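Worth knowing before you read on, the calculation uses all heavy atoms, side chains too, and leaves out hydrogens, waters and symmetry mates. Heads up: numbering here begins at 1 and tracks the sequence. Since this is a predicted model, take the numbers as computed values, not measurements.
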Amino acid sequence: MNVWIAVGVTALGCYAVKLCGLLIPAGVLERPLVRRLAALLPVALLAALTAQQTFADGRALVLDARAAGLAAAAVALVLRAPFLLVVAAAVVVTAGVRALGG
């Protein structure tokens, strides 16, 4: 039953956020600071999610094969590789490190 409560609360929270977005006057949304923050917010959230999924295991900080895969993806991005190659590099390195027992 606790899962359904969490689902309901999350659904209500999403609806409330969407409603707040509709109720804010257009003039506020056109301010340069708001536009800049709106452009940067998805990048910050994605970076936080990536870091949490890579370096956390429950409440513990871990450094395992996922970190090597993330490093390989970062190197591929610096080298301006296509997106599919970036993902493939991360997958291959992560699988290779896990296969070697890392």
Which pair of non-hydrogen atoms, one from [X] and one from [Y], has the smallest distance, and what is that distance?
X     : Y     : result
Thr54 : Thr50 : OG1-O, 2.7 Å
Val62 : Asp57 : CG1-CB, 3.8 Å
Ala89 : Ala72 : O-CB, 4.0 Å
Val86 : Ala76 : CG2-CB, 3.8 Å
Ala68 : Val93 : O-CG1, 3.5 Å

Report the distance from atom [atom1] of [X] to atom [atom2] of [Y], rounding to the nearest 0.5 Å.
X     : Y     : atom1 : atom2 : answer
Leu23 : Leu19 : CG    : CG    : 4.5 Å
Leu77 : Leu85 : CG    : CG    : 10.0 Å
Asp64 : Arg98 : CG    : CZ    : 6.0 Å

Are the side chain of Arg66 and the backbone of Thr94 linked by a donor-acceptor contact shorter than 3.5 Å?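 Judged by distance alone, no pair lies under 3.5 Å.
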Linking I/L/V/M/F/W/Y whenever their side-chain heavy atoms sit closer than 4.5 Å, directly or via other members, would [X] and [Y] fall into one cluster?
X     : Y     : answer
Leu29 : Leu37 : no
Leu70 : Leu63 : yes
Val91 : Phe83 : yes

